[in-house]
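Everything on this sheet refers to the single structure shown next.
The model shown is predicted, which means the values in this text are computed figures rather than measured ones.
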Amino acid sequence: MLPTVSASASSSFAPLIPSPSHTPSLLVGKGNSLSFPSSSKISRWQPHFSPLRSPLSMRPAAAVSIEKETMEAERPDTFLRESETGEVRARFEKMIRDAQDSVCQALEAVDKVGKFKEDVWSRPGGGGGISRVLQDGAVFEKAGVNVSVVYGVMPPEAYRAARSASTDQKPGPIPFFAAGISSVLHPKNPFAPTLHFNYRYFETDAPKDTPGAPRQWWFGGGTDLTPAYIFEDDVKHFHSTQKKACDKFDPTFYPRFKQWCDDYFYIKHRGERRGLGGIFFDDLNDYDQEMLLAFATECANSVIPAYVPIVERRKDMPFTEQQKAWQQLRRGRYVEFNLVYDRGTTFGLKTGGRIESILVSLPLSARWEYDHKPEEGSEEWKLLDACINPKEWL
């Protein structure tokens with residue numbers, strides 16, 4: 001659901017502190033928009049924290065966090081130290097920054113009106129990131145594409161949030177490195193699906209109280225589709241693109257990571273998935289490091305061909321106010337997952353990550369309607385059924 005700092009594990013936007021996985025995010029004109037009556041219960045997300053009681057000030061004094069970011073006037077050639085330019089870290093940074101450029105260019109070409117706003121930031125303790133957001137465009141209500149490359153020391157609870165597997169890690173601050181790209185794309189048209197993708201690389205060093213322990217590293221990420229309405233051709237195209245990328249490396253990857261995706265994006269209190277899945281993986285280090293770097297690169301390069309053709313087909317379709325309201329209800333589910341379950345969001349908040357990057361995955365507007373149940377057999381019901389009972393689309 002990893003640090004922008006979003007370096008985490010999932011789908012969220014703390015690109016480095018993670019995504020997912022969503023959050024490394026290790027850790028993301030008015031067009032066809034409609035106005036709703038006041039009773040429609042649309043909530044517009046404008047996160048705000050009192051300057052007297054910020055999330056950082058409420059953290060226990062003993063907690064370890066990454067220092068407050070500093071905004072920069074221009075992008076650096078690299079966020080790495082000079083001694084690291086020849087390592088996997090440098091190659092992964094180049095990959096995610098190239099992917100950020102190509103995805104943003106493709107989305108601006110689709111939108112034709114909206115342009116990405118860019119913020120560049122650095123951390124006193126090491127690293128930084130580039131956050132790009134397109135908002136209120138002709139096609140996209142909100143699109144965020146973030147990269148982050150950070151290092152420092154994180155508290156044990158953040159380490160546990162970054163790992164999908166259980167850990168017996170002893171208490172104590174843990175040196176880490178996290179780099180990733182995280183993106184969430186929310187179109188205006190309810191027939192055009194939301195997309196999330198996140199790819200990250202993570203390293204930890206031995207804690208100071210366990211000298212000689214080996215350094216750990218792993219890759220994580222995924223790409224998943226969250227439509228409000230099902231067009232089977234779109235879903236099959238999306239999944240076939242993910243399978244093609246996986247099959248270049250291991251024929252077991254797609255079925256394994258598709259199941260992992262269905263399991264990860266599960267909203268427990270609703271008993272349903274966030275969307276129609278895709279691929280998701282985490283803590284991946286049981287293959288050659290070069291192979292996994294190439295695999296993450298292939299997956300990131302597959303985002304545009306998997307998604308843009310779908311948006312091009314759906315962005316200008318006419319829709320009703322009721323269909324727009326259903327999209328807003330499904331975005332409410334998106335918000336619920338990201339704020340309650342996504343490990344990337346958790347990791348970002350526990351390490352003092354850049355809040356605007358961590359929460360950029362949230363849509364501009366969402367809707368909660370009391371005890372809403374779509375009519376059985378309706379198109380809305382078909383979407384909900386597919387979220388409750390995941391399907392094999394290929």
Would you call K94 and D98 a salt bridge, taking side-chain N to carboxylate O under 4.0 Å as the test?
yes
With side chain to side chain contact (heavy atoms under 4.5 Å, CB included) as the criterion, how do K258 and Q242 come out once you've worked through the C-alpha distance, each side chain's angles and the decisive distance to 0.1 Å?
CA-CA 9 Å; K258 192 266 186 189; Q242 307 311 307; over 6 Å; no
Indicate yes or no: does D119 engage R132 in a salt bridge with an N to O separation below 4.0 Å.
no
Is there a donor-acceptor contact under 3.5 Å from the side chain of H237 to the main chain of P305?
yes
F92, F219, Y199, F253 screened by ring-ring contact (aromatic ring centres under 6.0 Å, His included) with F295, the one that passes:
F253
Does the cation-pi check pass for R256 over F281, that is, NZ or CZ under 6.0 Å from the six-membered ring centre and within 45° of its axis?
no
With a cut-off of 6.0 Å (strictly less than), are more than 12 heavy atoms of other residues, nucleotides or ligands near CG of D77?
no
Salt bridge (charged side-chain N to carboxylate O under 4.0 Å, His left out) pairs touching residues 295-310, sequence neighbours excluded, are K248-E298
With sequence neighbours excluded, residues passing side chain to side chain donor-acceptor pair (under 3.5 Å) with R331:
E141
Taking NZ, NE, NH1 and NH2 as the nitrogens, is one of them in R89 or E93 under 4.0 Å from a carboxylate oxygen of the other?
no
For D262 and W260, run side chain to side chain contact (heavy atoms under 4.5 Å, CB included): C-alpha distance rounded to whole Å, both residues' side-chain angles, the deciding distance at 0.1 Å, then the answer.
CA-CA 6 Å; D262 289 339; W260 203 339; over 6 Å; no
Without swapping roles, check the side chain of D111 against the backbone of F140 for a donor-acceptor pair under 3.5 Å.
yes
Please list all pairs meeting salt bridge (charged side-chain N to carboxylate O under 4.0 Å, His left out) that have one or both residues in residues 381-391, counting only residues at least two apart or in different chains.
E379-K382
hydrophobic_cluster_shared for L384 and L329, side chain cutoff 4.5 Å
no
Under 6.0 Å from the six-membered ring centre of Y266 and within 45° of its axis: does the NZ or CZ of R274 meet both?
no
Counting the benzene-type ring for Trp, do H196 and Y334 have ring centres under 6.0 Å apart?
no
Could you tell me whether the side chain of L284 reaches within less than 4.5 Å of the side chain of F257, counting heavy atoms only?
yes
Test your reading of the model: is there a side-chain donor-acceptor pair from S131 to the backbone of N146, 3.5 Å cut-off?
no
